[in-house]
Protein chains: 2
Amino acid sequence: MNEIRVLIVEDEPLIAHDIAATLQGFDYTVAGIAPNGAKALVELQQNTPDFVLLDISLGSEPDGIQLGALIRDRFDIPFVYLSSHSDAGTLDRAKHTLPMGYLVKPFDEKGLFTTIEIALFNFARLRKPLRLGIEDLNARLLSKLTPREFELLVDIYDGKTNGQLAERHFISANTVKTHVKNLYAKLNVQSRAEAIVLLRKMGK
Amino acid sequence: MNEIRVLIVEDEPLIAHDIAATLQGFDYTVAGIAPNGAKALVELQQNTPDFVLLDISLGSEPDGIQLGALIRDRFDIPFVYLSSHSDAGTLDRAKHTLPMGYLVKPFDEKGLFTTIEIALFNFARLRKPLRLGIEDLNARLLSKLTPREFELLVDIYDGKTNGQLAERHFISANTVKTHVKNLYAKLNVQSRAEAIVLLRKMGK
DNA sequence: GTTAAAATCACCCTGCGGGGTGATGTCCGG
DNA sequence: CCGGACATCACCCCGCAGGGTGATTTTAAC
């Protein structure tokens, strides 16, 4: 069991327990099973799960999509829909609530697992875009930057010219050019502007 | 056929064509089929699809995950993985590249459709490149930018060179230089890097 | 119909930025 | 002790960026 607590919102007890068993097989903790929207709201408020599996057809008000909209607006919890309907109309209503996924029943266990994992990870990333350290950056590069190169890159990201870099780091302009040249090759860019844009896109 | 152009990266021709047929059944346009990473890169650069279906096991370098990391960092295109592997190791490598989804083979058509739709919608909603309008910008400047100057500035913010600006806006390189010169004066900067940093600091 | 702002283009010039090549000294790990 | 990674510096080349000056045309405003 890890610390991820999942709430299952599903009106069919058989399916709900089936999902619960599957989740436990993947070392998730089942935070609760809610057969309708009202119960789901109670669970959300009192039990604060880390993730919600949301059946769309609950047979009563509010349905899964209304619930999804609520989770989006009032709570800060990632969720994915479960549904046997994949028609354009339902999907269109659903996607406007920005779910992290949409699984069509019947779905297999592996698909459930990967979907939850991706959803959790992306949600965490989107909520908190983290500042980029040299380790994070190097993890994404084929050839890694040296500490010195990274220092200079940070200043380049701040719009400094080569001359300013030389002053600030007490090295000659020629040395700056060498470092900059090398780090450009590693980043696979050809200009300061490109380097800055790249860092921005990489979530710096 | 709608306007969504999907690139399929899959080394098994049979599976690739099966997927292509399925996509066309859902009114997507198949932008291309790439059997390996090298071909995929060519397609990405020359064909600029709106979406990428990415098989992880390509049998050669780079594999799907390396390609995913590239798409994330260098392009601005949503993608989902296709894989028969759903082990924790592969999944962990994969999720760090922030895919919009992860489908486990074999997957059914409906699941593919809903996943793509959700992915496209979320990607569009969560992408907000430069949420700064010309009005907002001019409100904070002493001398105001003209509409044309603002258009060029947006592309400069994206790392484009003067030559690229000339092409994209169907004007001569000399005209670009004139506009850029003028907008630099208005922004009170002396280089592209400075302009980009300024925009970033002005609420981006 | 005159005027002003915006958009278009040309030419020249200077200098920094980007790329290639090569070299030296340091530090660390095998 | 030696080799590799890192940091330091020098020189050369050249293209593009940045800046100055000037000019024409289109558009909108008055």
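The model shown is predicted, which means the values in this text are computed figures rather than measured ones. Note: hydrogens, waters and symmetry copies are ignored here, and every other heavy atom, side chains too, is used. Proteins come first, then strands; the chains are lettered A, B, ... in the order of their sequence lines, and each starts at number 1.
- One atom, CD of E194(B), and another, C1' of dG17(C), lie 15 Å apart when rounded to the nearest Å.
- One finds no side-chain N or O of N162(A) lying less than 4.0 angstrom from the OP1 or OP2 phosphate oxygen of dC16(C).
- In terms of phosphate contacts, N174(A) brings a side-chain nitrogen or oxygen within less than 4.0 Å of OP1 or OP2 of dA10(D).
- Within the 3.5 Å criterion, the main-chain N or O of G159(A) finds no donor-acceptor partner in the side chain of R192(A).
- If you take CZ of R192(A) and P of dG15(D), they are 20 Å apart, rounded to a whole angstrom.
- Separating the OH atom of Y184(A) from the P atom of dG19(C) is a distance of 8 Å, rounded to the nearest angstrom.
- In this structure, CG of L165(A) is placed 14 Å from C1' of dG18(C), rounded to the nearest angstrom.
- For L183(A) and dG18(C), the CG to C1' distance is 12 Å, given to the nearest whole Å.
- Residue whose closest nucleotide on DNA chain C sits further toward the 5' end, between G163(A) and T178(A): G163(A).
- R148(B) has a side-chain polar atom (N or O) that falls below the 4.0 Å cut-off from OP1 or OP2 of dT8(C).
- A donor-acceptor contact under 3.5 angstrom links the side-chain atoms of K181(A) to the base of dT21(C).
- Looking only at distances, a side-chain donor or acceptor of T178(A) sits under 3.5 Å from a matching main-chain atom of N174(A).
- Straight-line distance from the CD1 atom of I171(A) to the C1' atom of dT24(C): 16 Å, rounded to whole Å.
- With rounding to whole Å, K177(A) atom NZ is found 10 Å from dC16(C) atom P.
- Put simply, the side chain of T146(A) and the base of dC6(D) share no donor and acceptor less than 3.5 Å apart.
- The main-chain N or O of P99(A) is found under 3.5 Å from a side-chain atom of N122(B) such that the two form a donor-acceptor pair.
- Between D63(A) and R93(A), at least one side-chain nitrogen of the basic residue sits less than 4.0 Å from a carboxylate oxygen of the acidic one, meeting the salt-bridge criterion.
- Taking only distance into account, the side chain of S172(B) never meets the base of dC9(C) through a donor-acceptor pair shorter than 3.5 Å.
- Residues S191(B) and N182(A) both approach DNA chain D. Their nearest nucleotides, taken by heavy-atom distance, put N182(A) toward the 5′ side.
- With no hydrogens or angles considered, no side-chain donor-acceptor pair links N182(B) and R148(B) at under 3.5 Å.
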